[in-house]
Amino acid sequence: MTDFINLMNDLLWGSILVYLLVGVGIYFTFRLGFIQFRHFGHMFSVLRNSRKSDSSGISSFQALCTSLAARVGTGNMAGVAVALTLGGPGAIFWMWMTAMLGMATSFAESTLAQLYKTRDKDGNYRGGPAYYMEKGLGMRWMGVLFSIFLIIAFGLVFNAVQANSISSAMNTAFGFEPLHVGIVIVLLSSFVIFGGIRKIARTAELIVPFMALAYIVIALAVVFINIDKLPAAINLIFRSAFGLEQAAAGGIGYAIAQAMINGVKRGLFSNEAGMGSAPNAAASATPYPPHPASQGYVQMLGVFVDTIVICSATVAIILMSGEYVPHGEITGIELTQRALSSQVGDWGSIFVAFAIFFFAFTSIIANYSYAETNLIFLEHNNKKGLVVFRIIVLGMVMFGSLATLPVVWSMADVSMGLMAIVNLVAILLLSGIVVKLAKDYNRQLKAGKLPTFDANDYPELKSQLEEGIWDNNKSQ
């Protein structure tokens, strides 16, 4: 079984996804006129008015926190350490590139998710790739395929990965038995996920901003302590990315390939751009300005914060600590803990343990919410089916607490890759609509108006949209 998983990983990440992700990112960057750079400041402008919501949707800020809850977790602490160990410092450069290009991809998928959202039987907004595949492309079979991959990836495998990092961090910091840690995670997770999408959003809104800020402050402190090492660390990242560091030893091509593959892989796992996960949170929001593209801007900001800010914080901690050893045996969350402890003392390991606990815990509940939305797409809100699924998810959380790291990471990579391929094909097919919505939003913005979407202005789209969500929006 392990050999098969490794074969799938080699096929997906060695031959297909690295090129597809970068290619799609470049495509949307050009088609949207370098939107992530031209409108960088506007992302923050949208965020200023992001606390508004209504009876059907959560606020844009809650949607951002929910998507960040899923993004900010294992990938930011353990994943960065794995990328450094396997791909060298050059992997970080490619992680950054994945994020910068991925911001445009994230804009596309989140805008589409808002456009094609629906209301469930409880009156809450639901949506995501499965929904725009069915409504926008008329391909329910494609939506079903995506939903199955997402449920496996986010509902099951990724939650095992997050639980694995929590139990590992707690064992390293306090010597707690993984079984006992797993039981605590299961109890806390069940309390939140049985409370529904709004409870998940409220929990993410409370925990994520506080923990992210605390982690960034600690990283900045480490950089300040080692400010003299900063130029050398940045130089090492860029030299390694293009094989210059390895030139004297030969094997430049292999070094670059390993840096690129591991950087893109871990970058995607962390920021999820193009994977089709964050759009599930974006679709749940009541957007402000009331236009699908406004959620595109919000989720672009999520990619930036996750990778360029928080992942870079972990990079700084590890590279400046002296604990990093190329292809060393110490990797994952343990390397991050050792690196921070070497800079600030024993409490550093404890801080990372608590940070990974809260980051990974919020990832578990956000991942569940994505899976729930796709289960509803498949089953049309079958209440009994949801209860059974919640129990299975909690079982996977316990499994992850006790499983070994390499097997769990490999399973995550395969499920993530398959899901990403289906979603990337869909957003490429719908790219014309993305461009149309972006132009509509920015035309109104330039005219000094509040960008507002009205389906009546787009008769070619109106028949694809759920009745009552975007109709006569300008008069509301």
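Contact record, M142 with V425: CE-CG1, 3.7 Å, taken as the closest heavy-atom pair. A285 and P287 make their closest contact through O-CD, 3.4 Å (heavy atoms, listed as atom of the first residue, atom of the second, distance).
Screening residues 417-439 for salt bridge (Lys or Arg N to Asp or Glu O under 4.0 Å) gives K436-E460 as the qualifying pairs, with residues at least two apart or on separate chains. Annotation: side-chain hydrogen bond (donor to acceptor under 3.5 Å, both in side chains) contacts involving residues 385-396, sequence neighbours excluded, comprise Y368-R390, E372-R390. Listed by first then second residue, pairs satisfying side-chain hydrogen bond (donor to acceptor under 3.5 Å, both in side chains) with a partner in residues 210-219 read Y215-T314, not counting sequence neighbours. Listed by first then second residue, pairs satisfying ring-ring contact (aromatic ring centres under 6.0 Å, His included) with a partner in residues 425-445 read H42-Y441, H291-Y441, Y297-Y441, not counting sequence neighbours. Pairs passing the side-chain hydrogen bond (donor to acceptor under 3.5 Å, both in side chains) check and including a residue from residues 144-154, sequence neighbours excluded, read S147-N374.
Checked against the 6.0 Å centroid threshold, Y131 and F377 count as a close aromatic pair.
Taking S67 as the reference, R71, Q299 meet the side-chain hydrogen bond (donor to acceptor under 3.5 Å, both in side chains) condition, with sequence neighbours excluded. In this view, F354 and F174 satisfy the ring pair (Phe, Tyr, Trp, His ring centres under 6.0 Å) rule, not counting sequence neighbours. R38 pairs by the salt bridge (Lys or Arg N to Asp or Glu O under 4.0 Å) definition with nothing, not counting sequence neighbours. Evaluation of the ring pair (Phe, Tyr, Trp, His ring centres under 6.0 Å) rule for F194 yields no partner, not counting sequence neighbours. Remark: T118 pairs with no residue by the side-chain hydrogen bond (donor to acceptor under 3.5 Å, both in side chains) rule, at least two apart or across chains. Y458 pairs by the ring pair (Phe, Tyr, Trp, His ring centres under 6.0 Å) definition with F453, not counting sequence neighbours. For F93, the ring pair (Phe, Tyr, Trp, His ring centres under 6.0 Å) partners are F238, F242, not counting sequence neighbours.
If you check the side chains of T111 and Q295, you find no donor sitting under 3.5 Å from an acceptor.
Using cut-offs of 30° and 60° for the angle between ring planes, the F361 and F357 rings count as parallel.
Taken from CE in M97 to CG in L21, the straight-line distance is 14.5 Å, to the nearest 0.5 Å. Taking CD of Q114 as the start and OG of S284 as the end, the distance is 8.5 Å to the nearest 0.5 Å. In this structure, L112 CG and L430 CG are separated by 5.5 Å, a value rounded to the nearest 0.5 Å. We find the CG-OG distance between L187 and S189 to be 9.0 Å, quoted to the nearest 0.5 Å.
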Exercise for the section: For the pair L445 and L450, evaluate side-chain contact (heavy atoms from CB on, under 4.5 Å) and give the outcome as yes or no after the intermediate values. Expected result: CA-CA 6 Å; L445 195 65; L450 178 72; over 6 Å; no

Exercise for the section: Check the pair T29 / Q36 against side chain to side chain donor-acceptor pair (under 3.5 Å), numbers first and verdict last. Expected result: CA-CA 8 Å; T29 295; Q36 67 270 51; 3.0 Å; yes

Practice task
Walk me through it: do T307 and T98 pass the test side-chain contact (heavy atoms from CB on, under 4.5 Å)?
Solution key: CA-CA 9 Å; T307 306; T98 302; over 6 Å; no

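At most 12 heavy atoms of other shown residues, nucleotides or ligands fall within 6.0 angstrom of atom CZ in F210.
Looking only at side-chain heavy atoms (C-beta outward), E109 and N423 come within less than 4.5 Å of each other. Residues L150 and N280 are in side-chain contact: their nearest non-hydrogen atoms beyond the backbone lie under 4.5 Å apart. Side chains of D440 and Q444 form a contact here, defined as non-hydrogen atoms less than 4.5 Å apart.
Note that K117 lies in the cation-pi zone of Y125, set by a 6.0 Å cut-off to the ring centre and a 45° limit from the axis.
Among F149, Y370, F389, the one residue that satisfies the ring pair (Phe, Tyr, Trp, His ring centres under 6.0 Å) test with F154 is Y370.
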